[in-house]
> 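Sharing a structure, written as structure tokens. Questions coming.
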Amino acid sequence: MPLAPHALLSPAIPLPLPSLSLPKKPILSSPHQIPPLRISSRPSSSSPHLPRCSLVSVSTEAPPKAGENTRAKPSPAEVSRTIMELSSTGTFSSLSTDGWPLAIGARFVVDAQGAPAVCLNQPERLFTIDGLSTFHVQFEQTGSRTPQCTLLGSLRKPDDAFLLKRLRAKWEKKYAEEVGEDLIYLISVEKVLQIEDFKEDGIWVTSSEYLNAEPDPLRNFAEKIVDEMNSKHVEDVRGLCNVYVEPGFQVADTKMIWVDRLGFDLFIYSEEAVFAARIPFPREVTDEKGAKSSFNSMSHLAWEIGKGYATPDFEKVKFLRRIR
């Protein structure tokens, strides 16, 4: 069923129409009729020819340091903070009392700066307390990508009574169970290795970068928005790909992977491969209402461009990264 303009996601958010460059004589059945929002994934032969805004740059290797709009995505430190906020379990690794590397799974909460606190029963029986350790956490996005981070530091017993009280309260709220303060241990953060997905190269983040970063403000409802877009608005996701990305090949399918304050990630499928593309929002968003509003306005503009009522006044995404 076609979507009405500015009704891409519920609840509907009334928005002013974006500034458009319209042809002199748009073809409408009625001078007062507003065309319904419907984005076709494959323009028909009768559709007006869309101007090509840029050439595509497809990479089969790791993303380059130059050429990609890094300002349109959160920093590795912000991604790491977001992963730590959204996840509940990680893998704690350190040297055992007899010198062997040893890893165990552990639930955790984080303090105000993102340092993980774990609940361990007499860890000195297994590990050397205050020795070098790591804490690895990963978060699955739509079953398609698994960003992860590994925190390097050391295990210690907090001596701040106020901090222990806050960590205990946070634990009880998150897991609905009481925990003794004597079981809570904190892992310091000396540096962080952030990895976008399996088989990807990692990026090192300093302690100050991580501790001063903020988790993404959309994190608690990003998954809900992405699921809704992929299940209820498939044609609109394809339309966003058609208008905002220049793939340079026949697109077989498109899937939204994640959304954050600066934009959203797509997987674009050809007959032979899968590519990742990043589409920035027109402006930064800070809450669920703002994210839905941006999707509504971008999809409406995509419809206008697809129908020939407007021409693109933005640069299409140039960089696609082959992931498999």
Side-chain angles (χ1 to χ4, degrees), residues 76-207 209-211 213 215 219-220 223:
E78 293 173 308
V79 173
S80 297
R81 285 295 309 272
T82 301
I83 292 172
M84 296 298 292
E85 290 284 345
L86 289 174
S87 303
S88 299
T89 60
T91 302
F92 174 76
S93 303
S94 188
L95 291 179
S96 66
T97 53
D98 57 1
W100 286 90
L102 181 64
I104 60 172
R107 291 186 297 177
F108 72 97
V109 294
V110 295
D111 68 8
Q113 292 184 299
V118 295
C119 182
L120 300 175
N121 186 13
Q122 297 181 327
E124 64 274 5
R125 295 179 303 173
L126 297 175
F127 304 102
T128 302
I129 302 300
D130 294 329
L132 297 179
S133 60
T134 64
F135 194 66
H136 175 78
V137 179
Q138 58 189 42
F139 179 76
E140 189 175 88
Q141 295 175 341
T142 68
S144 301
R145 186 173 67 183
T146 308
Q148 49 198 277
C149 60
T150 303
L151 283 61
L152 281 67
S154 60
L155 186 71
R156 65 178 178 87
K157 188 73 177 127
D159 53 8
D160 185 331
F162 180 71
L163 174 60
L164 274 171
K165 184 177 180 180
R166 292 188 61 181
L167 291 173
R168 180 181 179 182
K170 198 167 186 178
W171 188 283
E172 292 176 359
K173 181 180 180 181
K174 186 172 185 176
Y175 299 111
E177 67 178 23
E178 294 185 359
V179 60
E181 292 183 0
D182 59 317
L183 301 179
I184 298 177
Y185 289 80
L186 198 64
I187 302 173
S188 65
V189 181
E190 303 301 327
K191 58 181 177 178
V192 179
L193 179 64
Q194 198 274 313
I195 302 177
E196 186 172 348
D197 201 359
F198 295 116
K199 301 187 296 183
E200 297 284 349
D201 292 335
I203 299 176
W204 285 104
V205 176
T206 67
S207 175
E209 288 173 335
Y210 176 82
L211 297 175
R219 63 188 182 279
N220 292 326
E223 190 170 10

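Bear in mind that the values here come from a model prediction, so they are computed numbers and not experimental data.
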> Find the distance between CD1 (Ile203) and CG (Leu193) and round it off to the nearest 0.5 Å.
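Rounded to the nearest 0.5 Å, the CD1-CG separation comes to 9.0 Å.
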
> Quick one: salt bridge (charged side-chain N to carboxylate O under 4.0 Å, His left out) partners of Glu209, sequence neighbours excluded?
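In terms of salt bridge (charged side-chain N to carboxylate O under 4.0 Å, His left out), with neighbours along the sequence ignored, Glu209 is linked to no residue.
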
> Can you find a heavy atom in the side chain of Asn220 that is under 4.5 Å from one in the side chain of Leu86?
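A side-chain contact exists here, since the closest heavy-atom pair is under 4.5 Å.
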
> Please report the interatomic distance OG(Ser94) to CG(Leu102), rounded to the nearest 0.5 Å.
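If we round to the nearest 0.5 Å, Ser94:OG and Leu102:CG are 8.5 Å apart.
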
> Listed by chain and number, what are the side-chain contact (heavy atoms from CB on, under 4.5 Å) partners of Ser154, not counting sequence neighbours?
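Checked Ser154 against side-chain contact (heavy atoms from CB on, under 4.5 Å); matches are Ser188.
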
> Show the numbers, then the answer: is there a side-chain contact (heavy atoms from CB on, under 4.5 Å) between Thr89 and Arg107?
CA-CA 4 Å; Thr89 60; Arg107 291 186 297 177; 3.8 Å; yes

> Looking at every heavy atom in both Gly202 and Ile195, which two are closest together, and how far apart are they?
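Gly202 and Ile195 have their closest heavy atoms at CA-CG1, 3.7 Å.
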
> Which pairs pass salt bridge (Lys or Arg N to Asp or Glu O under 4.0 Å) with one or both residues in residues 132-147, sequence neighbours excluded?
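Matches after skipping sequence neighbours: Arg145-Glu196, Arg145-Asp265.
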
> Which atoms form the tightest heavy-atom contact between Cys149 and Ile83, and what is the distance?
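For Cys149 versus Ile83, the nearest heavy atoms are SG-CG2, 4.1 Å.
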
> Hey, could you give me each pair passing salt bridge (Lys or Arg N to Asp or Glu O under 4.0 Å) that has a residue in residues 146-167? Not counting sequence neighbours.
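Sorted result for residues 146-167: empty, none.
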
> My understanding is that only residues two or more places apart in sequence, or in another chain, count here; which of them pass side-chain contact (heavy atoms from CB on, under 4.5 Å) with Asp98?
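Asp98 satisfies side-chain contact (heavy atoms from CB on, under 4.5 Å) with Ser96, Trp100 only.
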
> Do Pro215 and Met84 touch side chain to side chain, with heavy atoms closer than 4.5 Å?
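Side-chain contact under 4.5 Å: no.
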
> Test of understanding: with ring-ring contact (aromatic ring centres under 6.0 Å, His included), list the residues that count as partners of Tyr185, not counting sequence neighbours.
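Checked Tyr185 against ring-ring contact (aromatic ring centres under 6.0 Å, His included); zero matches.
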
> Can you list everything that forms a ring-ring contact (aromatic ring centres under 6.0 Å, His included) with Tyr210? Sequence neighbours excluded, please.
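Tyr210: no ring-ring contact (aromatic ring centres under 6.0 Å, His included) contacts found.
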
> May I have all residue pairs that pass salt bridge (Lys or Arg N to Asp or Glu O under 4.0 Å) and include part of residues 77-94, sequence neighbours excluded?
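Residue pairs with at least one partner in residues 77-94: Glu78-Arg261, Arg81-Glu85.
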
> Is there a side-chain contact (heavy atoms from CB on, under 4.5 Å) between Val118 and Leu155 once you walk through the steps?
CA-CA 9 Å; Val118 295; Leu155 186 71; 4.2 Å; yes

> Would you say the side chain of Ile187 lies within less than 4.5 Å of the side chain of Leu151, judging by non-hydrogen atoms?
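A side-chain contact under 4.5 Å is absent here.
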
> Are Leu186 and Leu163 side-chain neighbours, meaning at least one heavy-atom pair lies under 4.5 Å?
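The answer is yes; the side chains approach within 4.5 Å.
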
> With sequence neighbours left out, which residue pairs that include part of residues 116-129 fulfil the salt bridge (Lys or Arg N to Asp or Glu O under 4.0 Å) condition?
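Counting only pairs at least two positions apart or across chains, no salt bridge (Lys or Arg N to Asp or Glu O under 4.0 Å) contact touches residues 116-129.
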
> Please verify the inter-ring angle class for Phe135 with Phe92; under 30° counts as parallel, over 60° as perpendicular, anything in between as tilted.
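Judged by the thresholds at 30° and 60°, the geometry between Phe135 and Phe92 is tilted.
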
> What heavy-atom pair brings Asp197 and Ser144 nearest, and what distance separates the two atoms?
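Heavy-atom minimum between the residues: OD2-O, 3.9 Å.
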
> Checking Leu211 now: which residues fulfil side-chain contact (heavy atoms from CB on, under 4.5 Å) with it, not counting sequence neighbours?
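Counting only residues at least two positions away or on another chain, Leu211 forms a side-chain contact (heavy atoms from CB on, under 4.5 Å) with Gln113, Val189, Ser207.
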
> Please check if the number of heavy atoms outside Leu183 that lie under 6.0 Å from its CG is greater than 12.
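Check passes, neighbour count above 12.
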
> Between side-chain atoms of residues 167-176 and protein atoms elsewhere (two or more places apart, or another chain), which donor-acceptor pairs fall under 3.5 Å?
{"unit_1": "Arg168", "atom_1": "NE", "unit_2": "Glu172", "atom_2": "OE2", "d": "3.3"}
{"unit_1": "Arg168", "atom_1": "NE", "unit_2": "Val179", "atom_2": "O", "d": "3.0"}
{"unit_1": "Lys170", "atom_1": "NZ", "unit_2": "Val110", "atom_2": "O", "d": "2.7"}
{"unit_1": "Trp171", "atom_1": "NE1", "unit_2": "Glu177", "atom_2": "OE2", "d": "3.2"}
{"unit_1": "Lys174", "atom_1": "NZ", "unit_2": "Ser87", "atom_2": "O", "d": "2.8"}
{"unit_1": "Lys174", "atom_1": "NZ", "unit_2": "Phe108", "atom_2": "O", "d": "3.4"}
{"unit_1": "Tyr175", "atom_1": "OH", "unit_2": "Ser88", "atom_2": "O", "d": "2.8"}
{"unit_1": "Tyr175", "atom_1": "OH", "unit_2": "Phe108", "atom_2": "N", "d": "3.3"}
{"unit_1": "Tyr175", "atom_1": "OH", "unit_2": "Phe108", "atom_2": "O", "d": "2.8"}

> Which heavy atom in Gln194 sits nearest to a heavy atom in Pro76, and how many Å separate them?
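Nearest heavy atoms, Gln194 then Pro76: CG-O, 3.6 Å.
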
> Phe198: what forms a side-chain contact (heavy atoms from CB on, under 4.5 Å) with it, not counting sequence neighbours?
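For Phe198 the side-chain contact (heavy atoms from CB on, under 4.5 Å) partners, ignoring immediate neighbours, are Gln138, Thr146, Gln148.
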
> Take Trp204 and Leu152, measure what side-chain contact (heavy atoms from CB on, under 4.5 Å) needs, and give me the verdict at the end.
CA-CA 11 Å; Trp204 285 104; Leu152 281 67; 4.1 Å; yes

> Just so I know, are the side chains of Ile104 and Leu120 near enough to count as touching, which here means a heavy-atom distance under 4.5 Å?
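Yes - at least one pair of side-chain heavy atoms lies under 4.5 Å apart.
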
